[in-house]
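I have placed the structure first, in the form of structure tokens, so that the comments after it can refer back to it.
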Amino acid sequence: MTNMEKKRLEELKTLLTRAGYEYYALDNPSMTDAEYDRLLRELRAIEERRPDWITPDSPTQRVGGAVAEQFVKVRHKEALLSLDNAFDAADLREFDRRVRAVAPQARYVVELKIDGLTVALSYEKAALTRGATRGDGVTGEEITGNVRTIRSVPLRLRGGEGEAMPPVDVRGEGFMPKQSFAALNREREEEGQPLFANPRNAAAGSLRQLDSAVTASRKLDFFAYQLLEADRWGVAAQTEVLARLREWGFKVNPEFRLFDDIEAVIDYCLSMEDKRHSFSYDIDGLVVKVDDFAQQRELGFTAKSPRWAIAYKFPAEQAETLLLEIELNVGRTGVLTPTAVLRGVPLAGSVVGRATLHNLDNIRAKDIRVGDHVVIHKAGDVIPEVLRSVPEKRDGTETVFLMPEICPACGGPVTRKENEAAHRCGNVDCPSRQREALIHFVSRDAMNIAGLGPAVLWQLQTEGLVRDAGDLYSLEEERLAGLERLGAKSARNLLDAVEESKKRGLGPLLFALGIRNVGIKAAKTLAAHYGSLESLRRAGAEELQNLPDIGAIMAEGITDFFRDERQLDLIARLERAGVLMAEEKAAPAGTLFAGRTVVVTGTLTRWSRQEAEALIEAHGGKTASAVSKNTSFVLYGDKAGSKLEKARTLGIPLYGEDEFAALLPP
Ligand code: IVH
């Protein structure tokens, strides 16, 4: 068994590493998410039983969890230089003139200039040993634990050399994709936490986390673009470096282009100005590099930058317009978010008519008044934001914005906690809060109820048919069909979708309930670990924090949630309506336990013994009542006696209930 298990472990590591590479580095997945999760759980279960088998390059070792006291300073092997900037065609021609004086035959590689932060990676014997920030260019900070959580950073280099491989030093850009940035700030706004100004700051903040579990939750990414001591690797040009890095398993930005002359480079740079918003990450320009390394060497360096490269910077994109009024949005946790309603203006690829003002402190600090001319930009290329007002253009009719003392949606009291920027409506019955909670409940990652868009929800709410999520499950077809704009067919479809959602399972349900600070990832972790809402309810804060991705704040959110009478009442109603409160047990017959014989013994809490045996059989396994050398493993509960003893003496693997639950698909 030990041998078999070790083999399976290696097999799982190989499968998962390859799947991760295809998914994160190549953007070309070959495995479904569900399959990946299942294999990862299987690997984790083996590693839980045999911690001595865990290696740093195991795909399970990306979740973070190590908490550092402070960052250790490290000296870079070679200083990280910065680049000279070019702002227009003339600057690029000037650069070309200087290059051609030394290297008349130069060809240029043009790469996107990703707006993140430089990360330096070191590999020894093909394994990642160190990640560091740029720092002052000479010394940076060691952030290996955090870098490991970036999925596109290989933990082990691909290719056959393995142990025999000499040290490799690679540099590239760590960044946060626009979507992750937008989602992170949305969450933070909802929680009343300070927002990140742009993806670069968010990436920098996330990489400089002492708790790597926080970094892991931030969805960072990495593009590699530089290899130190390249001649040692037999590569003689930047384009060859990019190819080699790709072979080793790094994610390399596919947008690079090779040109013979500077006019073509200029055309390309200018054309990218229009395309810049079409990427899923922020770029702030392009980097033009002499391709050939012999020519690079001849050109050499100035004190702070290479003479063989230059950064072409895009002009900052801003627009000026009129702020017509300030609207307040009341979110699901009651946070009041002021939004500027603007006279529409084109900016970075769309017409902007609204922009966030974040909170009252921000409005005050920037002295933004209703009726002002304001300058706007898009944070992270996506979220329109008011940067400043233009006081010179005031005519005296502008008015200072005041935060109302009562909620504009319900008239309830508005309060502000000390240390929080957010104002909140304190009324749990506030229709706006309820509506936002419903929108969240039915959303894709949550209960995924198609056909229940904001407009329909609004209608159901104003008709008095739905107050909270529990009411969705007692909607009546006749009543629905009678509603304006709905009709018989959509009423039927809607009810089907509601019915279907009951089987979504524990993970989506936990996310849907809107427990403070519990995002979709944490919800999945909790579901996989606890298996049922009931056992999660019984978990204490301390126990919760032992799980990957769950910190103190989240644990408090969870325990508070289960102390809230209203939430308990809602859960009871959902349960009565038939909403699944546990992981789907009767999952389609699988092969998870194929070829294995399992003995169940002792008192289990999640299942009766018969249920557990049925589960094993449903997954292709056999069950037996007596332990022998043919037993694959023993699932034991409380007060397990002689069978457990016997299994122990025979060296048969033992699974507690939690370990066993972790093996099962969601
Ligand atoms: S090459 C010595 N290539 O831009 C050459 N830099 O000042 C080193 N950056 O902070 C840089 N994308 O992190 C290079 N494709 C790219 C880049 C890139 C982004 C960043 C780099 C540094 C700044 C250059």
Side-chain angles (χ1 to χ4, degrees), residues 76-87 91-92 95 99 106 108-121 131-141 143 147 150 152-153 169-178 198-204 207-208 220-230 235 237-246 250-259 265 268-269 272 275-276 279-293 295-314 381:
H76 295 300
K77 205 174 204 174
E78 272 178 34
L80 286 94
L81 301 175
S82 55
L83 294 177
D84 257 357
N85 291 326
F87 296 100
D91 291 347
L92 287 171
F95 165 73
V99 167
Y108 296 114
V109 196
V110 183
E111 295 169 15
L112 299 186
K113 187 169 185 302
I114 315 293
D115 201 6
L117 61 152
T118 320
V119 173
L121 303 174
T133 62
R134 177 179 196 280
D136 62 8
V138 177
T139 38
E141 284 172 330
I143 49 162
V147 164
I150 305 177
S152 44
V153 168
D169 284 275
V170 168
R171 288 170 185 176
E173 201 77 355
F175 63 97
M176 185 178 284
K178 288 181 199 173
N198 51 50
R200 175 166 32 80
N201 290 9
L207 274 177
R208 292 193 79 263
L220 297 172
D221 207 337
F222 178 81
F223 280 126
Y225 54 68
Q226 197 183 0
L227 171 64
L228 298 195
E229 298 168 336
V235 288
Q238 173 64 8
T239 38
E240 292 174 22
V241 165
L242 297 177
R244 179 63 58 91
L245 291 173
R246 222 178 129 86
F250 289 97
K251 181 163 167 170
V252 169
N253 192 291
E255 294 291 332
F256 69 89
R257 294 272 294 270
L258 194 59
F259 296 102
V265 169
Y268 183 63
C269 287
M272 278 317 224
K275 249 194 102 180
R276 63 183 288 197
F279 300 110
S280 59
Y281 40 82
D282 245 3
I283 60 174
D284 60 341
L286 297 122
V287 184
V288 182
K289 304 173 183 178
V290 170
D291 189 36
D292 184 82
F293 285 161
Q295 291 170 354
Q296 283 193 6
R297 263 191 301 275
E298 276 184 59
L299 281 153
F301 298 85
T302 68
K304 55 178 189 38
S305 52
R307 288 204 184 84
W308 44 262
I310 196 159
Y312 172 75
K313 290 289 211 55
F314 293 137
D381 227 25

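Keep in mind the model is a prediction, meaning the values are calculated, not measured. In listed order, ligands and their atoms are each counted from 1.
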Notebook entry, point to check: Taking both backbone and side-chain atoms of E173, is any N or O found less than 3.5 Å from an N or O belonging to ligand 1?
Noted result: yes
Notebook entry, point to check: If you measure only the distance, is there a donor-acceptor pair under 3.5 Å linking the side chains of Q296 and Q238?
Noted result: no
Margin query: Show me which atoms of ligand 1 lie under 4.0 Å from any heavy atom of V287.
Written below: 3 (N), 16 (C), 17 (C)
Check: Can a non-hydrogen atom of R171 be found less than 4.0 Å from any atom of ligand 1?
Finding: no
Notebook entry, point to check: Starting from atom 3 (N) of ligand 1, which protein heavy atom do you reach first, and at what distance in Å?
Noted result: K289 NZ, 3.0 Å
Item checked: Heavy-atom closest contact (A230 atom, V235 atom, distance) -> O-CG2, 3.3 Å
Checklist line | Proximal ligand 1 atoms for E111, defined as those under 4.0 Å from one of its heavy atoms | finding: 3 (N), 15 (N), 16 (C)
Item checked: ligand 1 N/O within reach of I114 N/O, cut-off under 3.5 Å -> yes
Item checked: Any P306 heavy atom less than 4.0 Å to ligand 1 -> yes
Margin query: Main chain of D221, side chain of S152: is a donor-acceptor contact present, judged purely on distance under 3.5 Å?
Written below: no
Note to self: Tell me the closest heavy-atom pair linking S82 and P306, and the distance in Å.
What the structure shows: O-CD, 3.4 Å
Next item on the list: Determine whether the aromatic ring centres of Y281 and F223 lie less than 6.0 Å apart.
Entry: yes
Checklist line | Single hit among D115, D282, D284 for salt bridge (Lys or Arg N to Asp or Glu O under 4.0 Å) with R200 | finding: D115
Item checked: Option nearest atom 6 (N) of ligand 1 (shortest heavy-atom distance, choices Y225, F256, F223) -> Y225
Item checked: Residue R246 excluded, over 12 heavy atoms near CZ under 6.0 Å -> no
Check: Would L112 count as a contact of ligand 1 if the rule is a heavy atom under 4.0 Å away?
Finding: yes
Check: How far does CZ of F293 sit from CH2 of W308, to the nearest 0.5 angstrom?
Finding: 7.5 Å
Note to self: What protein heavy atom lies closest to atom 7 (O) of ligand 1? Include the residue and the distance to one decimal.
What the structure shows: L83 N, 3.1 Å
Notebook entry, point to check: Does an N or O from R134, backbone or side chain, lie closer than 3.5 Å to an N or O of ligand 1?
Noted result: no
Check: Does any N or O atom in T118 lie less than 3.5 angstrom from one in ligand 1, N or O only?
Finding: yes
